Protein chains: 4
Amino acid sequence: MILVFKANATKEDVANAEVRLRGIGLEPHTLVGVERTVIAAIGDERKTSPEQLSSFSGVENVLPILAPYKLASKELSATTSVFEIGGALSPAGNDSTAVSFGGNKIPFIAGPCSVEGRSQILEIAHAVKEAGATALRAGAFKPRTSPYQFQGLAEEGLQYLAEARAATGLPIVTEVLTPADVPLVAKYADCLQIGTRNMQNFLLLKACGTVKTPVLLKRGMSATLEEYLLAAEYILTGGNKRVMLCERGIRTFESYVRNTFALAIVPALKEKTHLPVLADPSHGTGVRSLVPAMTKASIACGADGILIEVHPNPEKALTDGAQSLSVKDFAKLIKECRAIAEAVGRTV
Amino acid sequence: MILVFKANATKEDVANAEVRLRGIGLEPHTLVGVERTVIAAIGDERKTSPEQLSSFSGVENVLPILAPYKLASKELSATTSVFEIGGALSPAGNDSTAVSFGGNKIPFIAGPCSVEGRSQILEIAHAVKEAGATALRAGAFKPRTSPYQFQGLAEEGLQYLAEARAATGLPIVTEVLTPADVPLVAKYADCLQIGTRNMQNFLLLKACGTVKTPVLLKRGMSATLEEYLLAAEYILTGGNKRVMLCERGIRTFESYVRNTFALAIVPALKEKTHLPVLADPSHGTGVRSLVPAMTKASIACGADGILIEVHPNPEKALTDGAQSLSVKDFAKLIKECRAIAEAVGRTV
Amino acid sequence: MILVFKANATKEDVANAEVRLRGIGLEPHTLVGVERTVIAAIGDERKTSPEQLSSFSGVENVLPILAPYKLASKELSATTSVFEIGGALSPAGNDSTAVSFGGNKIPFIAGPCSVEGRSQILEIAHAVKEAGATALRAGAFKPRTSPYQFQGLAEEGLQYLAEARAATGLPIVTEVLTPADVPLVAKYADCLQIGTRNMQNFLLLKACGTVKTPVLLKRGMSATLEEYLLAAEYILTGGNKRVMLCERGIRTFESYVRNTFALAIVPALKEKTHLPVLADPSHGTGVRSLVPAMTKASIACGADGILIEVHPNPEKALTDGAQSLSVKDFAKLIKECRAIAEAVGRTV
Amino acid sequence: MILVFKANATKEDVANAEVRLRGIGLEPHTLVGVERTVIAAIGDERKTSPEQLSSFSGVENVLPILAPYKLASKELSATTSVFEIGGALSPAGNDSTAVSFGGNKIPFIAGPCSVEGRSQILEIAHAVKEAGATALRAGAFKPRTSPYQFQGLAEEGLQYLAEARAATGLPIVTEVLTPADVPLVAKYADCLQIGTRNMQNFLLLKACGTVKTPVLLKRGMSATLEEYLLAAEYILTGGNKRVMLCERGIRTFESYVRNTFALAIVPALKEKTHLPVLADPSHGTGVRSLVPAMTKASIACGADGILIEVHPNPEKALTDGAQSLSVKDFAKLIKECRAIAEAVGRTV
């Protein structure tokens, strides 16, 4: 940590800080400048935080030297982690075809926002598979802004998803909302999705850290890069190493979109972490007509996978119809993406 | 709902939308303008959402007419709801003095960020009471950004809080993080706090809607006014009528503060809802030296209560030391606030 | 315009609004619902504004139906406008090779942030041309955050730019800061750049509307899509039809980048306007290592051109070194972009 | 400056940085930690910038030690600067009553958004004076988002303002949009206003630095605290010492207001600068009904003056009617503010 003292800080303030820093295992190096005194405190600064040190008397500002995350860090593993979801060894059963994330091939996880019924999810599962998707997404537990909106089919929805997997071989990615539901959802899902509103639901992160099911952790809509990697760190410290990240848009002043798709975080995360980084252009924009262009942009800037909403009849979708592609448009898009993937040395 | 069609929308698009609107119980009034066709769909639009209707073919934009919340609305009750926390009938026990929220008097809920130990919380409880606080706040379950940081004392912390209540008569306000913990926390707390990261933890909101303990619902750090009132609506629809709101800062580009204290939401909420509206200048700024001025501003603009961090030794606090007032500074502040409260026709 | 009245609005409020709307040439259609009265006011709403109408008594909310811009609108011209900068007819002279914007080929406008001296700009001009750039960018008038920073070489810088054009044939794109400088800069430049801080410098926009030099109008760092197109409208109404837009990052809470590169505005603008839309990944991220990935993303999502900072020795650049590519990296990037451009049916 | 090196930085990177730092007059102190090397570079860092140093090879992050502004700094003058606008020595003439800013009394600068005509401005000048305002505000040059909106009466408006001053003795605060207009506006105005869109119009700042008329510099809608003080520094370095600051709302995701009124910047600025700090609750919220509460909050948190929009007939205002108070509401507000001012030891 770097501690910058106020112009009017006293020698006692500085001496006091030196004692305290040693007390928490950091070695202070004090530099007296013309205008300011600065202490560079060297050591394992993850034991403390800038907030804690900035309450020292006379301190104006505290600046961390190290990233606060470890297991998620690129320094742990210089290359992108590669792992599978689904397949013969999936905790949820052996009736799906494994999909590899973090490798050269860029998987598309496609499907409707919500499981609305048995026939709907079976229809869409067959359709997205035919179009080229390699995993199926759909929510059985839905976090909805209003209590008056459709809240999902719960376990019934999970059962339909399992049927869709059996019928198509597509592994299932579906959201879990609360720690108590983790065992239930893990019974059916090949990958647990943690949604944007739960990125800092730390008990849910911990609960997902103790299971064997891979986790797709979506970025919080106002999360910094560092907060995001610390959320992943919660899962990793629990022992679950199969964590994927996914940019899905942040909240800004922009109003022509539902969210601002902050795609630069894809290459930025890939500099900092070994975890695969996906992109979700459906939520990232919230506007159907912008999804194809932003899917291509996602692949061009290095995304390791695409999460995308597809609905057989977007006009009738109970949720998120405005951002869902039709099956036909999805099939067209996935074809167009092949050349982009090739252009960056990958495949779809 | 108002549906604005694209310039190139067809008559079929418009006719199709009319049929669908009737199908969901809204009566369409179609207006054909020179440049655009517009349908005003009159009826209970809470059954649908702008997102759903904007997926209709040919529709460019959908604008809601009504607020999507009901029970939280000022239209339900034109005056601020007044209710007590603590006191003889508190679900957590009868050893505290009731504090009324929503009335003329502006209560101060003060205390440390975290319960750090038995003596710490007893000391601070006595101190804030003496200074003028009427309720005690402190966290036993802490949502921390990093898994390597202090996570709270859990039930042990709740027990210390109960001791502090018995010793001082101050009702206890403390955070609950997950639905499964609601019964446990409600056993000890006079008021359940839902933190900023959980404002859209809908299962937690529902769980808090089914207990008899009042709820302090903090604003999400990127929540709109409407999303905030819909989160309150989740609790209200469960049957729990004692919900308080609290502005605690939003996330913006500003970096001289930890959050941007968006105080105008206090009078704005008071126009829209009958629920009491508090302010938390400690998290609202994150900077100790700004807390006194912003506490005064909170009272001046109409806050119904103040939530504030006070620590006997902010430099040694395990969490949030940088934004905690010393007991001495808190006692001084509460005195200075009396005149501000009087100036707006209230008392502290 | 749609006027939504408050629940407690009176019949007089509604009648009064009807009279006033007719007074400004809008025809009111009044719809009385169960909970709210709504007036849809049909006609040329550009004569007024939602702000003005929302001051009517009893009105809760006013929602525009039409986009407030006309000349910039796609409704004026359904296809992207194609025009040249530089070439034999350039107002600044006939010694450059014309570059076409808005067509199939995606031009790269490359160069240093600032003109730092004669040899620097000549060296870089030759280098970027060889690497594949088709226009040269560099600032002679620099808008700098601090008065203690390098402010640019002014007319001397423009003269060096003209020399660089003569030597390489690359047309010159350079910034103009104030209306009084428009004639001077237009004497040397083939394209006037209006920077992000001046996007709403309306007198500068008007001044650029009256010259024959094309204009590259960068997006304001907190501009909405609508404000951006209205800024372009200022130039267009002056008679200058050759306006290009350029996304360059917006200001958000993100701190790992200098700006949040809001790329979805590229396809969104192309739905709304016929003006060519460029992207500037250098300012859009502010981080050199992210520039290549985000340049590819820009092309993949439909950008009509790329504005990029290249410096022969980024470590020694007087301004913006941290986001400038070396010549070698730029040459590599432009090669890699060819396949991306092809994948979206275009060329570099 | 503090330079933090990447984990994989080489000894050459560090040695190279040391040489360069000495070359720009900073003395490097190098600290080799277990995970990272850090250089603390001591000296006058205002000659360089974090951006410049972060382009050094191997450097991950650069953190400034000193504030980049000097003349605006509290270190130059520990107490708030007090100065007058208007009065016998005003550059614009001797027919107004001087108003002191920065002292114990909190002046109200009130008036309409725009000068709409002679009788309008005379009427409102008399009315706001009677209600208690001590200066008159109104725009003759209006920066309007759309070219189709009313652009102001220009010099004719300034003449009416001068008449209003002669009639009431109220000093005039009015906006100047461009450097070329500074002499003209200074001929009529007692205080030049620089609007939010021009906060980083550096040539305008410089032009206002060379005149004798005081300047009211409004905060840019996406300006950081540091950028804001650097903008003031531009004026101060020109020799004009009479600069006032004014918070007027920032752009965030909030949509129930036109801007987010970030009032904590008032006490924060007063910690950093000796310049008087005002608040503008009219633009700060954009919603008339919120203006009274937020005016009180502004005074409670330490504002040195209030800028407020008042219109004789807000419904008919050509600009900003939705946020203007009626004369009657303004008179009521100013009375209510007396007690708030007293509560913080000041007067209105």
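Computed over heavy atoms, backbone and side chain alike; hydrogens, waters and symmetry mates excluded. Source: prediction; values computed, not measured. We name chains A, B, ... by the order of the sequence lines, and we start the count at 1 in each one.
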Contact class of [X] relative to chain A, heavy atoms under 4.5 angstrom:
X	value
C:T295	neither
C:S298	neither
C:E271	side chain
C:A341	neither

*Heavy atoms only, distances under 4.5 angstrom: which of A:T224, A:L290, A:T260, A:T252 has the most pairs with chain C? Name it, please.*
A:L290
*asked:* For the interface with chain C, which of A:K296, A:M294, A:K272 has the highest count of heavy-atom pairs at distances below 4.5 Å?
replied: A:M294
Side chain from CB out, backbone as N, CA, C, O: work out which of these in [X] comes under 4.5 Å of a heavy atom of chain C, or both, or neither.
X	result
A:R338	neither
A:E342	neither
A:I299	neither

*asked:* Counting neighbours of NZ on C:K270 that are heavy atoms of other residues, nucleotides or ligands and sit closer than 6.0 Å, is the number greater than 12?
replied: yes
Taking every non-hydrogen pair under 4.5 Å, which of [options] racks up the most with chain A?
options	result
C:R219, C:E336, C:E226, C:R251	C:R219
C:P281, C:G345, C:C301	C:C301
C:S255, C:S289, C:G302	C:S289
C:A293, C:A262, C:A339, C:A268	C:A293

*So, do C:V344 and A:I340 sit near enough that their side-chain heavy atoms are less than 4.5 Å apart?*
yes
*Are side-chain heavy atoms of C:E254 and A:L225 found at a separation under 4.5 Å?*
no
